2 protein chains.
Amino acid sequence: MSTKDRRQREMAHREHLFLKAAREVIQQQGLLNLQMSKVAERCDYAVGTLYQHFQSKEDLLVALAGDEIQERVQAFQRVRAWKAPTRDRMLGFAVADMVLAQRFPELFRLQQFAFTEVIWDAAPLSRRQASMAAYAPLRESCEAVVDEAEACGDLDLRGLNKSQVCLAPWSLVVGMHAIVHNEGVADRSTSQEPYRLLLRHCSALLNGLGWRPLCDETDHAALDRLALTVCEEVLHEKWLPCLACRC
Amino acid sequence: MSTKDRRQREMAHREHLFLKAAREVIQQQGLLNLQMSKVAERCDYAVGTLYQHFQSKEDLLVALAGDEIQERVQAFQRVRAWKAPTRDRMLGFAVADMVLAQRFPELFRLQQFAFTEVIWDAAPLSRRQASMAAYAPLRESCEAVVDEAEACGDLDLRGLNKSQVCLAPWSLVVGMHAIVHNEGVADRSTSQEPYRLLLRHCSALLNGLGWRPLCDETDHAALDRLALTVCEEVLHEKWLPCLACRC
DNA sequence: AGGGATTTTGAATCAGATTCAAAATTCGGA
DNA sequence: TCCGAATTTTGAATCTGATTCAAAATCCCT
């Protein structure tokens with residue numbers, strides 16, 4: 001039945017509209033000022049229609065977090081497919097993450113918020129599952145590189161599974177984001193260049209995990225070169241000089 | 001003027017009352033159901049009185065996060081003063097963190113929430129500063145151990161300052177919390193024992209940072225022994241068998 | 001074109017945070 | 001001890017913004 005199909009398509013299209021509008025409101029006015037009525041109005045729909053798509057504000061937030069992931073998924077897939085040593089690619093994930101965090105800081109904070117118990121638990125199960133599913137490819141990309149690394153002898157898993165290995169750099173990245181975004185926890189004077197530092201620590205961690213070739217993580221120049229390469233050649237993003245600092 | 005003093009004291013006392021009540025509401029009914037009126041009622045005060053202490057709900061939340069830190073500060077100070085190699089103490093911080101996270105999971109989530117842009121930015125500056133200040137001793141404890149490690153030759157800073165070094169394990173811990181608390185990001189089957197894994201990764205990270213004596217991070221028995229020791233002898237906490245799993 | 005089904009609308013409702021004028025209490029002095 | 005000014009407490013009223021739902025509009029099929 002083609003009528004139904006069209007409806008379906010229109011529905012999907014409008015859902016996109018709403019998500020885009022919500023994103024815009026957040027970017028322009030901050031997460032703090034996101035209101036359901038603003039989102040609806042911006043699309044020239046009534047609030048009620050918005051509620052046809054999202055059961056609640058929390059639902060919308062979680063949907064947004066899941067949707068926003070897609071860009072990251074693509075970036076991660078590029079890194080995964082990059083012709084480079086497994087170790088560089090693993091670091092590349094961190095670079096990708098930080099580049100995107102830099103480009104869409106508001107949306108990055110949104111994520112932090114959406115994963116908060118208060119929001120997450122208030123969203124309907126189906127939505128949570130959908131958002132979780134949207135995350136899966138990220139993990140897959142990471143795990144694929146771990147697999148390769150093991151296969152080509154760059155890495156011994158030493159009793160862990162690939163997923164557990166991934167958790168290490170992943171935690172480091174997530175933690176660093178959380179800390180940096182709350183400017184102050186690590187005081188400003190302390191780490192002027194948190195992301196450069198993150199890369200260095202990641203490198204140290206990979207050394208600790210025995211990921212060959214072991215590198216000198218104090219070689220800033222090499223890390224900067226890697227970041228630049230990933231950014232421009234793999235992600236095709238403009239290099240943000242800011243990446244090195246916190247401006 | 002002693003009248004004023006008394007007032008001051010009463011004020012402080014009541015602030016504690018309110019904070020305690022808020023904590024209880026959160027533990028019993030979840031962060032989701034925290035309402036200003038409930039907190040006031042539980043203390044037999046009118047809402048207006050509560051608002052004499054906290055400008056807004058966000059203010060209360062941030063205050064709570066700052067207050068809740070104290071327990072952690074004490075734990076960290078114990079670990080810092082523990083007679084053990086610097087490396088063990090650094091891992092000890094992670095153990096302390098996870099023990100407390102296990103004991104007060106609700107309050108741990110509160111923290112995550114309070115540091116969210118939406119909440120944090122809505123709290124008055126003075127409160128944010130106070131909460132930040134409450135965190136400072138945590139950092140100091142960590143940094144003190146780094147200092148000692150450097151002094152006794154366990155660690156070369158290799159161009160970093162102590163604060164930057166601390167950021168590495170700290171990020172790992174924060175990130176792991178964030179991931180584990182959102183059960184699902186790392187799928188359940190993947191890491192049955194996230195905290196044991198965390199400790200192993202921390203150990204690997206310290207190896208990567210060149211923190212002597214370098215250890216075999218795959219030696220589970222040793223890590224478990226360390227965790228148990230920190231828990232019982234340093235923190236005087238009962239050992240929670242659950243710590244090793246995710247029940 | 002007609003009329004039942006579906007969708008959209010937005011004013012009304014509801015929840016809960018926040019305010020503030022009135023009531024209560026405290027305080028210092030007579 | 002009593003009085004009136006100053007301070008504090010109170011909680012009903014207000015306000016904000018999410019959510020609902022009955023009516024209006026639109027769609028779809030015959």
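Note that the coordinates shown come from a computational prediction; the quantities given were computed from them, not determined experimentally. Lettering of chains follows the sequences in order, A, B, ..., and the numbering in each one begins at 1.
Between A:Phe113 and B:Phe113, the ring planes are parallel. Angles under 30° get that label, and only those over 60° would be called perpendicular.
For the pair B:Met36 CE and D:dT16 C1', the computed distance is 16 Å after rounding to whole Å. As a whole-Å value, the separation of A:Tyr51 OH from C:dA12 P is 18 Å. Computed from coordinates, the A:Met11 CE to D:dC27 C1' distance equals 15 Å when rounded to whole Å. The separation between B:Glu41 atom CD and D:dT10 atom P is 13 Å, rounded to whole Å. Between A:Leu50 atom CG and D:dG17 atom P the separation is 16 Å, expressed in whole Å. To the nearest angstrom, P of C:dT8 lies 14 Å from CZ of A:Phe54. Rounded to whole Å, atom P of D:dG17 lies 15 Å from atom CD of A:Glu58. If you measure from atom NZ of A:Lys38 to atom C1' of D:dA18, you get 14 Å, rounded to the nearest angstrom.
Nearest nucleotide to the side chain of A:Gln52, out of C:dT7, C:dA17, D:dT19: C:dT7. Considering only the side chain of B:Gln35, C:dG16 comes nearest among C:dG16, D:dA18, C:dA11. You'll find that the side chain of B:Thr49 is closest to D:dT9, out of D:dT9, C:dA17, D:dA12. In the set D:dT20, C:dT19, D:dG11, D:dG11 carries the atom at the smallest distance from any side-chain atom of B:Ala46. Of all nucleotides listed (D:dT19, C:dT19, C:dT8), C:dT8 comes nearest to the side chain of A:Arg14.
Within the 3.5 Å criterion, the main-chain N or O of B:Asp59 finds a donor-acceptor partner in the side chain of B:Ser56. Side-chain N or O atoms of A:Lys38 include none that pairs as donor or acceptor with a backbone N or O of A:Ala22 at under 3.5 Å.
B:Leu60 comes within contact range of no nucleotide atom at all, as no heavy-atom separation falls under 4.0 Å. A:Leu34 comes within 4.0 angstrom of the backbone, heavy atoms only, and of no base.
Each of A:Gly48 and A:Ser37 was matched to the nucleotide of DNA chain D holding its nearest heavy atom; the match closer to the 5' end belongs to A:Ser37.
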Could you walk me through whether A:Gln35 and A:Glu41 pass side chain to side chain contact (heavy atoms under 4.5 Å, CB included), step by step?
-> CA-CA 10 Å; A:Gln35 280 159 236; A:Glu41 193 183 16; over 6 Å; no

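In this structure, B:His13 has its ring center no closer than 6.0 Å to that of B:Phe18.
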